[in-house]
Chemist: 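Okay, handing you the structure first.
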Amino acid sequence: MGKRVRVREILSASDAGVEAVVKGWARTVRVGKDVTFIALNDGSCMASLQVVAGPKLSNYAEVARLGTGSALAVTGLLVESPAAGQRFELQARSVQIVGPADESYPMQKKRHSFEYLRTVAHLRPRTNTFGAVFRVRSVLAQAVHRFFAEKGFLYVHTPIITGNDCEGAGELFRVTTLDMARPPLVDCSVDYAADFFGQATGLTVSGQLEGELFALAFGDIYTFGPTFRAENSNTARHAAEFWMIEPEMAFADLMADAALAEEFFRYLCRFVLDHCREDIAFFNEQIDRGLVSRIEAVASSPFAMMEYTEAITHLKKAKVSFEFPVEWGLDLQSEHERYLTEQVVGGPVFIINYPRDIKAFYMRQNDDGRTVAAMDLLVPKVGEIIGGSQREERLDLLEGRMAEMGIDPAGLWWYTDSRRWGSCPHSGFGLGFERLIMYLTGMENIRDVIPFPRTPRHAEF
Ligand code: 4AD
Ligand code: MG
């Protein structure tokens with residue numbers, strides 16, 4: 001048997017007449033009067049290759065009884081297909097049944113609901129929709145690295161196990177080797193000094209603080225890694241484990257930060273249109289009719305920018321009734337974010353300069369004494385997709401803010417040190433990778449754009 005060729009390559013071949021070996025899984029098996037048709041999919045592209053198996057095959061009887069989902073290795077001749085909708089088909093010379101599947105295979109039907117497919121997350125990559133989602137995800141991950149490589153950013157791997165809760169929201173998953181049934185105690189609380197790291201540790205909620213230290217050495221850096229948040233919100237946009245891209249730039253203010261975010265976001269839009277044509281066309285047809293025109297518009301027009309204070313004015317004037325209150329000083333909820341980006345602006349919008357009391361300790365305080373140099377990028381259908389800020393580079397103000405917020409400086413001495421020697425204005429942001437994929441595919445639930453979603457009460461596979 002020759003070398004395996006991917007269906008994607010075969011279907012883009014220039015000529016019929018070549019002999020090929022194709023391996024994949026039967027999506028459908030249709031037994032005709034004289035021959036059996038097998039739609040063979042190997043995940044390399046949306047389309048399946050039609051395999052035509054005739055009675056001359058030594059194992060034809062078995063082939064004609066093949067179940068959906070069977071793994072096959074087919075050798076055959078590529079010929080022009082007489083059937084509509086496909087250029088080529090493969091006339092099988094041999095069909096090797098590598099791994100049979102019977103009628104208990106759960107993916108028999110052509111269409112299943114996304115809810116059902118979440119219960120078979122180990123098999124859903126073998127469907128059209130999830131095949132497309134995870135191909136797009138893979139391409140976008142490559143695009144992220146390409147963008148930053150082209151711009152000369154250093155790629156840094158920040159730790160996954162940390163002692164700091166960067167965002168200060170108390171959403172850290174604990175990492176410990178202590179005996180949960182009988183932990184060592186001091187004064188009735190767990191003695192983490194006796195734990196593996198000699199201190200309390202958890203899974204990172206953000207690589208930002210460590211990223212800042214690298215930005216203050218390498219100028220422009222980014223991280224791209226898994227992030228964990230024990231937030232018990234069962235929404236369509238929150239996962240307990242998600243991936244985040246966090247660039248950080250030295251000698252950069254909030255406007256430079258927003259400019260990078262916009263360039264980056266538009267680059268990713270353009271990239272997916274150029275590199276995932278077939279899959280994006282599928283999403284446009286099956287999932288979200290306005291998808292391609294929306295991505296195209298975003299890829300080619302400048303983003304709006306609005307002060308938080310102005311956003312509150314718009315929301316107060318709105319003729320819709322929101323579930324959550326609108327008041328200067330309160331955080332924007334998803335419904336508010338979507339109203340602003342969908343109804344007020346009709347496209348992506350940066351909201352900048354939020355009240356300092358609803359934002360993290362590290363954000364740079366503005367001269368007005370009540371706001372910080374924060375920015376969120378809101379996009380239609382998803383809401384907040386990027387959160388970022390200029391950082392407080394002035395040691396006294398940073399320490400003052402930490403004291404106000406009750407953050408123990410002892411645990412962050414290494415972070416405040418960066419403001420002690422060679423501090424400089426710097427800025428960065430975090431792009432939620434899953435929210436990006438939701439935006440670019442039209443998929444409406446975060447559980448459907450990450451291979452094995454972790455959400456409250458769900459970590460089985
Ligand atoms: O706004 P966030 O919390 O910002 C930070 O973590 C900063 N340290 C980033 C920085 O400035 N370097 O999170 C950034 C983005 C959000 O805009 C959202 O897209 C995504 O991360 N995100 C989540 N995605 C999925 N599930 C969750 N639970 C998420 N929480 C945040
Ligand atoms: Mg945020």
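Both ligands and their constituent atoms are indexed starting at 1 by order of listing.
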Chemist: Considering only N, O or S atoms, which atom of Glu384 is nearest to the Mg ion (ligand 2)?
Modeler: OE2
Chemist: With no hydrogens and no angle check, do the side chains of Tyr362 and Gln208 hold a donor and an acceptor under 3.5 Å apart?
Modeler: yes
Chemist: So is Glu434 close enough to ligand 1, meaning a heavy atom under 4.0 angstrom away?
Modeler: no
Chemist: What protein heavy atom is closest to atom 26 (N) of ligand 1, reported as residue, atom name and distance in Å?
Modeler: Ala239 N, 3.0 Å
Chemist: Would a line drawn from the ring center of Phe153 to the ring center of Tyr222 be shorter than 6.0 Å?
Modeler: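 Centroid distance Phe153-Tyr222: not below 6.0 Å, so no.
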Chemist: Does an N or O from Gly432, backbone or side chain, lie closer than 3.5 Å to an N or O of ligand 1?
Modeler: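 Checking ligand 1 against Gly432, an N or O pair does fall under 3.5 Å apart.
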Chemist: Minimum distance, heavy atoms only, to atom 3 (O) of ligand 1: which one of Arg229, Met438, Glu384 is it?
Modeler: Arg229
Chemist: Could you find the nearest protein heavy atom to atom 23 (C) of ligand 1 and give me its residue, atom name and distance?
Modeler: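 It is Phe242 CE1, 3.4 Å.
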Chemist: Got a sec: is Glu167 within less than 2.8 Å of the Mg ion (ligand 2) via an N/O/S atom?
Modeler: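 No, outside the cut-off.
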Chemist: Relative to ligand 1, is Ile446 under 4.0 angstrom through side chain, backbone, both or neither, heavy atoms considered?
Modeler: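 Side chain only.
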Chemist: I need the atoms of ligand 1 closer than 4.0 Å to a non-hydrogen atom of Gly388, numbered in the order shown.
Modeler: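 What qualifies from ligand 1 is 11 (O).
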Chemist: Provide the number and element of each atom of ligand 1 under 4.0 Å from a heavy atom of Glu246.
Modeler: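 Answer, ordered by atom number: 7 (C), 8 (N), 9 (C), 10 (C), 12 (N).
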Chemist: If you take the centroid of each ring, where Trp contributes its six-membered ring, are Phe429 and Phe350 closer together than 6.0 Å?
Modeler: no
Chemist: Take every heavy atom of Arg237, measure it against each atom of ligand 1, and state whether any distance is under 4.0 Å.
Modeler: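 The answer is yes, since Arg237 has a heavy atom less than 4.0 Å from ligand 1.
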Chemist: Is the closest heavy-atom distance from Arg391 to ligand 1 below 4.0 Å?
Modeler: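 Right, Arg391 reaches ligand 1.
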Chemist: In the protein, what heavy atom is nearest to atom 18 (C) of ligand 1, and what distance, to one decimal place, separates them?
Modeler: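 That would be Arg435 NH1, 3.5 Å.
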Chemist: How about Phe114 and Phe130: are their ring centres within less than 6.0 Å of each other?
Modeler: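 Centroid separation for Phe114 and Phe130: below 6.0 Å.
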Chemist: In this structure, which one of Glu444, Glu384, Glu337 forms a salt bridge (charged side-chain N to carboxylate O under 4.0 Å, His left out) with Arg237?
Modeler: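 Going through Glu444, Glu384, Glu337 one by one, the salt bridge (charged side-chain N to carboxylate O under 4.0 Å, His left out) with Arg237 is satisfied by Glu337 alone.
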Chemist: Checking the side chain of Thr455 only, and the main-chain atoms of His458 only, is there a donor and an acceptor separated by less than 3.5 Å?
Modeler: no
Chemist: Counting heavy atoms only, which part of Glu167 comes closer than 4.0 Å to ligand 1: side chain, backbone, both or neither?
Modeler: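 It is the side chain that gets close, since no backbone atom is under 4.0 Å.
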Chemist: Enter the distance from Arg394:CZ to Ser423:OG here, rounded to the nearest 0.5 Å.
Modeler: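 Answer for the CZ-OG pair, Arg394 versus Ser423, is 10.0 Å.
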Chemist: Between CG of Leu260 and CG of Asp220, what distance do you get to the nearest 0.5 Å?
Modeler: 8.0 Å
Chemist: Examine the proximity of ligand 1 to Phe429 and report which part, side chain or backbone, both or neither, has a heavy atom under 4.0 Å away.
Modeler: backbone
Chemist: Taking 4.0 angstrom as the limit and counting only heavy atoms of Gly387, give me the atoms of ligand 1 inside it, by number and element.
Modeler: 1 (O), 9 (C), 10 (C), 11 (O), 17 (O)
Chemist: Measure the spacing between CG of Asp417 and CG of Leu213 and express it to the nearest 0.5 Å.
Modeler: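 With rounding to 0.5 Å, CG (Asp417) is 9.5 Å from CG (Leu213).
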Chemist: At under 4.0 Å between heavy atoms, which part of Tyr362 makes contact with ligand 1: side chain, backbone, both or neither?
Modeler: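 It is the side chain that touches ligand 1; the backbone stays farther off.
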Chemist: Write out the residue and atom name of the closest protein heavy atom to atom 19 (O) of ligand 1, then the distance separating them to 0.1 Å.
Modeler: Ile385 O, 2.8 Å
Chemist: Which of these passes side chain to side chain donor-acceptor pair (under 3.5 Å) with Thr371: Asn366, Asn353, Thr309, Asp357?
Modeler: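 For Thr371, the side chain to side chain donor-acceptor pair (under 3.5 Å) check succeeds only for Asn366.
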Chemist: Less than 3.5 Å between some nitrogen or oxygen of Ser389 and one of ligand 1, yes or no?
Modeler: no
Chemist: Strictly under 6.0 Å, is that where the ring centroids of Phe264 and Phe148 end up?
Modeler: yes
Chemist: Please check if the side chain of Ser427 supplies one atom and the backbone of Ala252 the other of a donor-acceptor pair under 3.5 Å.
Modeler: yes
Chemist: Closest non-hydrogen protein atom to atom 15 (C) of ligand 1, residue and atom name please, with distance?
Modeler: Gly430 O, 3.6 Å
Chemist: Supply the atom-to-atom distance Arg174 CZ to Met180 CE, rounded to the nearest 0.5 angstrom.
Modeler: 10.5 Å
Chemist: Checking a contact table here: which protein heavy atom is nearest atom 28 (N) of ligand 1, and how many Å away?
Modeler: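 Protein heavy atom at minimum distance: Glu231 OE2, 2.7 Å.
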Chemist: Specify side chain, backbone, both or neither for His238, according to which of its non-hydrogen atoms lie closer than 4.0 Å to ligand 1.
Modeler: both
Chemist: Assert yes or no for the condition that the ring centre distance of Phe322 to Tyr339 is strictly below 6.0 Å.
Modeler: yes
Chemist: Measure the distance from atom 14 (C) of ligand 1 to every protein heavy atom, then report the residue, atom name and distance (to 0.1 Å) of the closest one.
Modeler: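 Ranked first by proximity to atom 14 (C) of ligand 1 is Met244 SD, 3.4 Å.
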